[in-house]
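Scroll down for the structure; my scribbles are underneath it.
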Amino acid sequence: MENGKRAQWGSNFGFIMAAAGSAVGLGNLWKFPYLAGKNGGGVFVLVYLLIVLFIGFTIMLGEMAIGRSTQLSSYNAYQRISKKWAFVGGIGVIAGFVILSFYSVVGGWVLNYLYQTVIGGIPADTAAYFGSFISDPVAPIFWNMLFMAATALIVFKGIGGGIEKACKFMMPALFVILIIISIRAITLPGAAAGIAFYLTPDISKLTAGTVVAALGQVFFSLSLGMGCIITYGSYLGKEETLEKNSIIVPVLDTVVALLAGFAILPAVFAFGFEPGAGPGLMFITLPQVFDKMPFGWVFGILFFILVLFAALTSSISLLEVTVAYMQDHHKWGRTKAVVILSSFMFLIGIPASLSMGIWSGIMIFGYNIFDFLVFISDILLPLGGILMCIFIGYVWGIDKAVAEITNGGKIPFKLKAFWTIMIKYVAPIAVIIVFLNALGILKF
Ligand code: PFF
């Protein structure tokens, strides 16, 4: 709320930069390339693209419609339409809280890596450095605090003057840097093997595990299933074309994920590293790659600026989900909500950070604290997505959703038939099957 009236994006472009900013994040740059590396390269990419096309677009449009229709953030939006379904919005608020708690730990690592690169480079034994940095009881918490403070500062400034402004600067910059780095990587001698690995789908590598990993990644990467797009959609005006927006945002997100693969995998191959190196790919392998590259110092700095921008434009959307809930539901002011929520999330991030070091022995259901938070979000997002599809298809009703998308028939809706079938039948059933499989309840 700004001056008692609900805030709105300054322009549709501003909304797209903010929504794409939320979507494009550590998920694209850090997780996508290593998941692709681990799950058979091209096969993973292919499955991922299909899921974005059929399920990502469908849920994105559904969330935008709920948000814009009610002009409320997720909990209150669901509640406005059906009191019984408010809990789905509640799941989203909890997910936002949990995700930002661990996300900003990694955001802090990125800040430290940027700083270290600027002042002279990561020590040659990058694996040892990474291990000792993340297990240190003090340094990562300090960097996490800085990252959370930067996130809080932007959200504190509100929708137009904070989030939109920041994303309109950071997102175009991110694209430019990513393109420069991708060109550098694919023109390295020996890069062809990486490109082939990345682009050639070997169907024999297609397993249930690949599909589960790709589906979870689509939800996380597109910021779906937790009311983030509902919240951002609630600041949209009625004249904007939701259908177009919900194509553009996933396209931008996917282009960045694919480019991240081009920026990273060919370089990894060119210098003889392992593509499936896991989460360490960005923090262990890449610094070595930069070290071996001509002008690697410059590329290293550019790369970590890029990752920082991606992480920040996502972390502000996570914080905004919880802040908007406090504003809409509990009538808190923005400043109070930002200060209290970001402080709490930072505090929860402390044990998550310590679980990489002195608290690594503390296990919850077989996970350390950090991985447990990731596990909770891996469950909450698809769950939120399934419930949203059922909600639109059978509670709110397709007709009302279509009336919102078309602004009462004024805006054409070309994919109406496709979207209806997807949201009523295909998306919920597909997500339920994969979800049960991921939980080990249904094995195929
Ligand atoms: N989409 C972000 C990423 O790929 O890093 C993470 C994220 C942001 C998830 C916002 C969920 C969300 F609501």
Side-chain angles (χ1 to χ4, degrees), residues 17-36 48 51-52 56 59-60 63-64 66-67 73-75 77 88-107 109-110 147-148 151 154-155 163 166-167 170-171 174 178 213-234 249-261 279 282 306-325 341 345 373-374 376-385 388:
M17 288 299 106
S22 169
V24 172
L26 295 168
N28 305 57
L29 302 170
W30 175 50
K31 243 175 138 188
F32 184 86
Y34 93 70
L35 283 180
Y48 182 89
I51 299 177
V52 170
I59 298 187
M60 172 96 29
E63 289 204 11
M64 272 185 210
I66 295 176
S73 61
S74 77
Y75 182 87
V88 182
I91 293 178
V93 175
I94 296 170
F97 202 95
V98 169
I99 296 178
L100 188 50
S101 301
F102 71 77
Y103 203 83
S104 79
V105 172
V106 184
W109 298 353
V110 174
F147 183 83
M148 189 64 94
T151 303
I154 300 172
V155 176
I163 297 177
C167 292
M170 285 193 262
M171 290 308 290
L174 180 154
L178 186 56
L215 183 86
Q217 176 63 10
V218 169
F219 270 95
F220 188 80
S221 189
L222 291 178
S223 307
L224 295 178
M226 55 154 285
C228 181
I229 303 299
I230 296 182
T231 305
Y232 271 17
S234 77
V249 173
V251 165
L252 290 176
D253 185 69
T254 306
V255 166
V256 172
L258 294 176
L259 277 179
M282 179 154 96
L306 156 85
V307 184
L308 180 65
F309 283 0
L312 267 178
T313 52
S314 296
S315 62
I316 55 183
S317 73
L318 289 160
L319 184 56
E320 177 61 26
V321 168
T322 60
V323 165
Y325 163 72
L341 290 167
M345 292 178 197
L373 296 177
V374 176
I376 296 180
S377 76
D378 281 348
I379 292 185
L380 293 185
L381 300 191
L383 183 65
M388 195 225 63

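Read the numbers this way: they start at 1 and go in the same order the structure lists the ligands and their atoms. This is a predicted model, so every value here is computed, not measured.
Not counting sequence neighbours, S377 has no partner by the side chain to side chain donor-acceptor pair (under 3.5 Å) test.
Listed by atom number, the atoms of ligand 1 under 4.0 Å from S314 heavy atoms are 2 (C). Remark: ligand 1 atoms within the under-4.0 Å shell around heavy atoms of A23 are 1 (N), 2 (C), 3 (C), 4 (O). Residue-ligand proximity, L26 to ligand 1, at heavy-atom distances under 4.0 Å covers atoms 5 (O). Which parts of ligand 1 touch G27 is read off a 4.0 Å heavy-atom cut-off, strictly below it: atoms 3 (C), 4 (O), 5 (O). Ligand-side atoms of ligand 1 in range of C228: 13 (F), range being under 4.0 angstrom from any heavy atom. Remark: ligand 1 atoms within the under-4.0 Å shell around heavy atoms of S221 are 1 (N), 4 (O). Those atoms of ligand 1 with a heavy atom of M226 less than 4.0 angstrom away are 11 (C), 12 (C), 13 (F).
For the side chain to side chain contact (heavy atoms under 4.5 Å, CB included) criterion with L258, the lone passing option out of V255, T254, V256 is T254.
Residues T151 and L312 have side chains in contact (heavy-atom distance under 4.5 Å, counting atoms from C-beta outward). Two residues are said to be in side-chain contact when any heavy atoms from C-beta on lie closer than 4.5 Å; T322 and M345 meet this criterion.
When heavy-atom distances to ligand 1 are checked against a 4.0 Å cut-off, S317 comes that close only through its side chain, counted from C-beta outward.
Under a 3.5 Å cut-off, the side chain of S74 and the backbone N or O of C228 do not form any donor-acceptor pair. For the pair S314 (side chain) and A310 (backbone), a donor-acceptor distance under 3.5 Å is present.
Scanning the protein heavy atoms around atom 10 (C) of ligand 1, the nearest turns out to be S223 OG, 3.3 Å. The protein atom (non-hydrogen) at minimum distance from atom 1 (N) of ligand 1 is F220 O, 2.8 Å. Shortest contact from atom 2 (C) of ligand 1 to any protein heavy atom: S22 O, 3.3 Å.
The distance from the CD atom of Q217 to the CG atom of L222 is 9.0 Å, given to the nearest 0.5 Å.
Residue Y103 places a heavy atom less than 4.0 Å from ligand 1.
The aromatic rings of Y103 and F220 are tilted relative to each other, their planes meeting at an angle between 30° and 60°.
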